[in-house]
Amino acid sequence: MTAIGKELETKRRRIMVGIGVTAVGSAAAGVAALVCLLSGNMAGAMALGAVFALGMLYCCTQPAKTQKKFVARCREVLIEPILKKHFTELELRPDSGLPRESLEAWAGASLQARYRSGGLISGKYKGSSFKWADVTLTPGQPGAAAQKAFHGRCMAADAGFASDRRLLVRSRGFGEARRRAPLSVPAGMERAETGDQAFDQHFELFCEGQVVFSPRFMQGLVKLAKQTEDDLFLCVGGGHICFGIDTGKTCFEPALVDTFKEERFAEEANIFVRQTIAVLELFKQGSGIFAE
């Protein structure tokens, strides 16, 4: 573990110790308040009860605030330097995300779900701009308990070419579960087969009209699918692309309760880099996504 990793682990331990001491102290105050109450010492019971209440309030609210600061520090000293080696004009804005309207425009469909996005990372790779953000889609009305339809990362980027054709490529089985309803196929698109065995084995294609992909594009997307066990989707339309990876977690967010693993966190950053480059490389030759 490097000096940076040791610093972050030390910081994490101090935070957990502080929260633990507060919790134990609050519990002790609560027990003492009960003893005072049973013995008729109302003044003592009220004073200790106040200490207990304040301590519990701290333990319920402080971890989230502390977690946010800890994550921000991890991204600043560990993640950002790795990303800057590969991308220019890099910007990390944890409190910003992809606007719902923008994602709907790129996806070419209305997202029938509760939408939440944050952790925006924007930059350029060889002149191509991109924006990554954490996105969570949950079916149903606000307050209703439901399994997430999507919880992962979405990237919005310029496709590098103009085309009136819209298409959707997604991992096989991605739309089978009922919980995926918010990511259903947009109206006007029909299912199609490419004739490429490897591609059709991994993906479903939905498009407007006839689409013939270039071998380079299909091989690149299959290669990307083999590099991850997560479901993928790719929408193309109006000169834009929207690419999603259903990781089931928020990107670059270590838990305070777990020992900080610098190597694992750095590897997550390297995976992020590889996936970003892989997607953008698919479109670097302009309309090379389609066969001539």
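- A continuous path of Ile, Leu, Val, Met, Phe, Trp and Tyr side chains, each step under 4.5 Å between heavy atoms, connects Leu280 with Phe217, placing both in one hydrophobic cluster.
- For Phe87, the ring-ring contact (aromatic ring centres under 6.0 Å, His included) test picks out Phe130, with sequence neighbours left out.
- Distance check, rounded to the nearest 0.5 Å: CE of Met218 to CD of Gln197 gives 12.5 Å.
- Residues forming a salt bridge (charged side-chain N to carboxylate O under 4.0 Å, His left out) with Lys84 (at least two apart in sequence, or on another chain): Glu80.
- Hydrophobic cluster membership differs between Leu120 and Val71, with clusters built from Ile, Leu, Val, Met, Phe, Trp and Tyr side chains linked at under 4.5 angstrom.
- The backbone N or O of Phe203 lies less than 3.5 Å from no partner atom in the side chain of Ser171, so there is not a single donor-acceptor pair.
- Here the straight-line distance linking atom NE2 of His151 with atom OG1 of Thr247 works out to 6.5 Å at 0.5 Å rounding.
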Which pairs would a plain distance check flag for residues 263-276, meaning a side-chain donor or acceptor within less than 3.5 Å of a matching protein atom at least two apart in sequence or in another chain?
residue, atom, partner, partner atom, Å
Glu267, OE2, Arg274, NH2, 3.0
Glu268, OE2, Phe252, N, 2.9
Asn270, ND2, Ala266, O, 3.3
Gln275, OE1, Arg153, NH2, 2.4
Thr276, OG1, Trp132, NE1, 2.5
Thr276, OG1, Phe272, O, 2.8

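- For Thr228, the side-chain hydrogen bond (donor to acceptor under 3.5 Å, both in side chains) partners two or more places apart in sequence, or in a different chain, are Asp230.
- With sequence neighbours excluded, the residues that form a salt bridge (charged side-chain N to carboxylate O under 4.0 Å, His left out) with Glu7 are Arg73.
- The shortest distance between side-chain heavy atoms of Phe206 and Arg170 falls below 4.5 Å.
- In this structure, CZ on Arg114 lies 11.0 Å from CZ on Arg100, to the nearest 0.5 angstrom.
- Not counting sequence neighbours, Ala72 has no partner by the side chain to side chain contact (heavy atoms under 4.5 Å, CB included) test.
- The distance from the SG atom of Cys154 to the CG atom of Asp134 is 9.5 Å, given to the nearest 0.5 Å.
- For the salt bridge (charged side-chain N to carboxylate O under 4.0 Å, His left out) test, no residue two or more places apart in sequence or in another chain qualifies with Lys223.
- The closest side-chain heavy-atom distance from Arg13 to Phe260 is not below 4.5 Å.
- Val169 places none of its side-chain heavy atoms less than 4.5 Å from the side chain of Phe233.
- For Asp95, the salt bridge (charged side-chain N to carboxylate O under 4.0 Å, His left out) criterion is met by Lys68, not counting sequence neighbours.
- Without hydrogens or angle criteria, Ser117 side chain to Leu98 main chain gives a donor-acceptor distance under 3.5 Å.
- Every residue two or more places apart in sequence or in another chain that forms a side-chain hydrogen bond (donor to acceptor under 3.5 Å, both in side chains) with Thr2 is listed here: Glu262.
- Under a hydrophobic-cluster definition in which Ile, Leu, Val, Met, Phe, Trp and Tyr are linked whenever side-chain heavy atoms come within less than 4.5 Å, directly or via other members, Leu83 and Tyr125 are assigned to the same cluster.
- Listed by chain and residue number, nothing satisfies the ring-ring contact (aromatic ring centres under 6.0 Å, His included) test with Phe70 (two or more places apart in sequence, or in another chain).
- Qualifying side-chain hydrogen bond (donor to acceptor under 3.5 Å, both in side chains) partners for Thr194, counting only residues two or more places apart in sequence or in other chains: Asp200.
- A distance of 8.5 Å separates CG in Leu234 from CE in Met155, rounded to the nearest 0.5 Å.
- The side-chain hydrogen bond (donor to acceptor under 3.5 Å, both in side chains) search around Asp196 returns none, not counting sequence neighbours.
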